[in-house]
Amino acid sequence: MDRFVSIPREALAALLKASGSSLTPEDYMASLSEIDEYKKYPSRTTVATWSKYFLLMALILSGFWTCTPFGFCFESVLVTAILAVITFFEFRVQRAFRDHQPEAPTLGFRNQTAFAAFIVIYCLYHAFAPLQVPAQYREAMDPDMSQVFRLITIGTYFTIAVVGGVSQFCLAWYYRSARIRARG
């Protein structure tokens, strides 16, 4: 369905003049094509919708984990707060793409880059932080087994950092490419 209504040139000129605009009908129509450049990317709205729901699920799980007696600590509260901020901005990004706002690609790029940085920093912190093993297990554990656990922990967090960080940064560039294509 076409969203434009056919209007005679003279009627458009009269409307522009009545609104106090100095644009000619030709200038006005040329300015519409600039706005339409952002409307050529409806797939980013869909991707942003999926992303916001993914982040919302992560936030809910993080909040649930933070509220349990086993998970309540400063780190859990901090992670939940950061996820809440990133989720809030992802909802704004999705709305900006849905409403065809020109700043949507930049907002999406910033938010996903921040999320990628958060994933990488979180994983590197845990990969290189001292291993948290309860005292009763530490006494019974063979020193070689402790080293194996340490290597598994480093490998796991490094893998999550690479996969999570790279995938979120790729999503950031996917959002930003809407702006780059609109210019070119």
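For reference, positions follow the sequence shown, starting with 1.
With values rounded to the nearest 0.5 angstrom, Leu78 atom CG is found 4.0 Å from Ile82 atom CD1. One finds the NZ atom of Lys17 at 13.5 Å from the OG1 atom of Thr24 (value rounded to the nearest 0.5 Å). Between Thr49 atom OG1 and Arg98 atom CZ the span is 8.5 Å, to the nearest 0.5 Å. In this structure, CG in Leu171 is found 6.5 Å from CD in Glu90, a value given to the nearest 0.5 Å. Distance check: Ser21 OG to Leu12 CG gives 9.0 Å after rounding to the nearest 0.5 Å. Separation of atoms NZ (Lys52) and CG (Asn111) is listed at 13.0 Å; rounding is to 0.5 Å.
Under the 4.5 Å side-chain heavy-atom criterion for ILVMFWY residues, a single connected hydrophobic cluster contains both Phe74 and Leu59. There is a path of hydrophobic side-chain contacts, each under 4.5 Å, that joins Leu55 to Val79.
When every heavy atom of Ala48 is checked against every heavy atom of Val93, the shortest pair comes out as CB-CG1, 4.4 Å. Counting all heavy atoms, side chain and backbone alike, Thr80 lies closest to Ser62 at OG1-OG, 2.6 Å. The two residues Leu107 and Ala96 make their nearest non-hydrogen contact at CD1-CB, 4.2 Å. Of all non-hydrogen atoms in Leu23 and Leu16, the two that sit nearest each other are O-CD1, 3.6 Å.
Qualifying side chain to side chain donor-acceptor pair (under 3.5 Å) partners for Tyr157, counting only residues two or more places apart in sequence or in other chains: none. Annotation: side chain to side chain contact (heavy atoms under 4.5 Å, CB included) contacts of Leu124 (sequence neighbours excluded): Val120, Phe128. When the ring pair (Phe, Tyr, Trp, His ring centres under 6.0 Å) test is applied to Tyr122, the partners found at least two apart in sequence or on another chain are His126. With sequence neighbours left out, Arg110 forms a side chain to side chain donor-acceptor pair (under 3.5 Å) with no residue at all. In this structure Val85 satisfies the side chain to side chain contact (heavy atoms under 4.5 Å, CB included) test together with Phe89, sequence neighbours excluded. Legend: residues meeting side chain to side chain contact (heavy atoms under 4.5 Å, CB included) with Phe149, ordered by chain and number and at least two apart, are Leu131, Met141, Met145. Partners of Tyr175 according to the ring pair (Phe, Tyr, Trp, His ring centres under 6.0 Å) rule, which considers only residues two or more places apart in sequence or in another chain, are Phe97. With sequence neighbours left out, Thr113 forms a side chain to side chain donor-acceptor pair (under 3.5 Å) with no residue at all. Partners of Ile160 by side chain to side chain contact (heavy atoms under 4.5 Å, CB included), not counting sequence neighbours, listed by chain and number: Cys123, Thr156. In this view, Arg9 and Glu26 satisfy the salt bridge (Lys or Arg N to Asp or Glu O under 4.0 Å) rule, not counting sequence neighbours.
Put simply, the side chain of Leu83 reaches to within 4.5 Å of the side chain of Phe115, judged on heavy atoms. The side-chain heavy atoms of Glu75 and Tyr125, taken from C-beta on, include a pair separated by under 4.5 Å. Side-chain contact between Arg44 and Ser177 is present, with at least one heavy-atom pair separated by less than 4.5 Å. Between Thr106 and Arg176, the closest side-chain pair of non-hydrogen atoms is not below 4.5 Å. For the pair Phe91 and Ser51, the minimum side-chain heavy-atom distance is 4.5 Å or more.
Tyr53 and Thr87 share no donor-acceptor pair across their side chains, judged by distance under 3.5 Å alone.
Counting Ile, Leu, Val, Met, Phe, Trp and Tyr side chains that sit under 4.5 Å apart, directly or through other members, Leu61 stands alone, with no cluster partners.
With Thr66 contributing its side chain and Ser76 its backbone, the two residues share a donor-acceptor pair below 3.5 Å.
Applying the 6.0 Å contact sphere to CZ of Phe158 captures no more than 12 heavy atoms from other residues, nucleotides or ligands.
The stretch residues 158-171 participates, sequence neighbours left out, in these side chain to side chain donor-acceptor pair (under 3.5 Å) pairs: Gln112-Gln168.
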